[in-house]
There are 2 protein chains.
Amino acid sequence: MKLQPIDISKTASAASIVFEALRKAIIEGELIEGTPLRQDEIARLFNTSRIPVREAISRLEEKGLVTSQRFKGAVVAGLNLDELREIFEYRALVETEVIRRAVPNMDQATLDEAKAYFHGLNTTSDPLAWGDLNRGFHERLYRAAGLPYHEEAIGKAMDRVDRYLRAALVRSGNVAKSNAEHLAIWEACAQGDADLAADLTREHINLSCEGLLLNMTRRG
Amino acid sequence: MKLQPIDISKTASAASIVFEALRKAIIEGELIEGTPLRQDEIARLFNTSRIPVREAISRLEEKGLVTSQRFKGAVVAGLNLDELREIFEYRALVETEVIRRAVPNMDQATLDEAKAYFHGLNTTSDPLAWGDLNRGFHERLYRAAGLPYHEEAIGKAMDRVDRYLRAALVRSGNVAKSNAEHLAIWEACAQGDADLAADLTREHINLSCEGLLLNMTRRG
DNA sequence: CGTGCGGAAATTGGATCCCGTCTCTGGGAG
DNA sequence: CTCCCAGAGACGGGATCCAATTTCCGCACG
């Protein structure tokens, strides 16, 4: 009998459930920037007390997804244009290096699973699903680098810009263009051309940043 | 009457006081890896209840400084050699780029204040003070880049390796060598040579990593 | 003598309650 | 009519209490 070892010890604490739910709602854009997080409202929603909610909120604050003021409560954090730009620059820096290191380590399973994400990206029309698949595609490739701290840092940066990315791509049909870039990145990986994959990734990030900024400035 | 505007709203919550104290104790190496963090004990130390302590601990976990298991409590997190190496690679990547971007923006105040940190580094013999000054020196230079997210990311990475760095440098007298590297970096900044400053910073980080790993493997 | 089991103590997770602060509103003064 | 202020309700921070789980220790049994 084979067992998949899962750390059962940290499952299902109320605080972590609330944390994950709020994080998901924020990065998916369901809770928009500035929305106040009322502790007892959230507690009622999850049939729990305010204690786990407070823990969840302080963890979200540590992640930079909410900002809170003493005695005033927490609100969903937002990013101005400069901050957005900077995080994309950061992503371009780190992700470029990570994919460069990942390419030499890529096996067939990595390429196959990434390809599956890519196919999902081409067939789905749901913006939420598209966002998850987009993230899964890149993360699957990065994993081959075997650099967990880098991956964690990338994930944290993605968490901050994810909702803007999803919102910007669904309209202003850059989806097809973005998917074409994904294919080019995948092919570079499959051919083992690390430098090309890195250049394409940098360009992919820069382009999505430009599209995002354009989209945001057009609408004030 | 001139007032220094400080955001009084988020000062002195019990949770943040406990958080900062624990963070300081961990990155200074006072609480060594594996030490369990007993909520009751900490609460007694700070004359408070366990509630703020729990918030502080979950924030520390989000920062990666402690790991906790449900119903078993939290312990100070540690790093193995691979993780240490990776975080230094990460630092080399990000800090190199940040200092490159910082050099063109450096004004006299930046150079003067960094110089003051440098002088402190040369005169102090206290390992704790040395660690703070070292960090202050680099952070002061980085600040000129105007890249707050990058700085935050660097700080998070530093938090994880700080205690190892301090412990390794105090004996095995690489302090003088490290300070010589600091001087070289400072001079490159003063001359406005961004690429040189970047190269020296990368080398500085690589060297401290090598010294650290040597020090750790020698002692098991 | 080692092993396993059972219960008590220790410790964490969560609920409820209280207190300090903020905010909003309504009424009175200018 | 506007502005200001007092007071009440809303809300967050923290304390205390209860429940659930783990850990430790002693004792019986093989």
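A side chain to side chain donor-acceptor pair (under 3.5 Å) with B:H138 is found for one member of B:E95, B:H204, B:R91, B:R143 and no other, namely B:H204.
Rounded to whole Å, the distance from CD on B:E55 to C1' on C:dG14 is 14 Å. Distance A:R70 CZ to C:dC19 P: 17 Å, rounded to the nearest Å. Here the P atom of nucleotide C:dT11 and the CD atom of B:E41 are 9 Å apart, to the nearest Å. Per the geometry, CD1 belonging to B:I17 stands 14 Å off P belonging to D:dG13, to the nearest Å. In this structure, A:I42 atom CD1 and C:dA15 atom P are separated by 15 Å, rounded to whole Å. Between the P atom of C:dA15 and the CZ atom of A:F46 lies a distance of 13 Å, rounded to the nearest Å. Here the C1' atom of nucleotide C:dC24 and the NZ atom of A:K72 are 14 Å apart, to the nearest Å.
One finds a side-chain N or O of A:T48 lying less than 4.0 angstrom from the OP1 or OP2 phosphate oxygen of C:dA15. An OP1 or OP2 oxygen of C:dG13 is reached within less than 4.0 angstrom by a side-chain nitrogen or oxygen of B:Q39.
Nearest-nucleotide assignment on DNA chain C puts the 5′-proximal partner with B:A74, out of A:I51 and B:A74. Looking at which nucleotide of DNA chain C each of A:N47 and B:G73 is closest to, the 5′-most match is held by B:G73.
The aromatic rings of A:Y149 and B:Y90 sit perpendicular to each other, their planes meeting at more than 60°, with 30° as the lower class boundary.
Remark: B:L31 CG to B:I26 CD1 distance equals 6.0 Å, nearest 0.5 Å.
Among the heavy atoms of the strands lying under 4.0 Å from A:R38 are primed sugar atoms or P, OP1, OP2 only; no base atom is included. When heavy atoms are screened at a 4.0 angstrom cut-off, B:L37 is found touching the sugar-phosphate backbone but no base atom.
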Discussion item. The test is side-chain hydrogen bond (donor to acceptor under 3.5 Å, both in side chains); show your working for A:N122 and A:H182 and say whether it passes.
Written reply: CA-CA 10 Å; A:N122 270 317; A:H182 288 151; over 6 Å; no
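Note on A:K115 versus A:D112: no salt bridge recorded, every NZ/NE/NH1/NH2 to OD/OE distance being 4.0 Å or above.
In this structure, the nucleotide among D:dG14, C:dG14, D:dG12 sitting nearest to the side chain of A:P52 is C:dG14. Looking at the side chain of A:F71, the nearest of the listed nucleotides C:dG14, D:dT23, C:dT21 is C:dT21.
Counting distance only, with no hydrogens placed and no angle test, the side-chain atoms of B:R50 and the base atoms of C:dG13 include a donor-acceptor pair under 3.5 Å. For C:dG14, its base sits under 3.5 Å from the side chain of B:R54 at one donor and acceptor pair at least.
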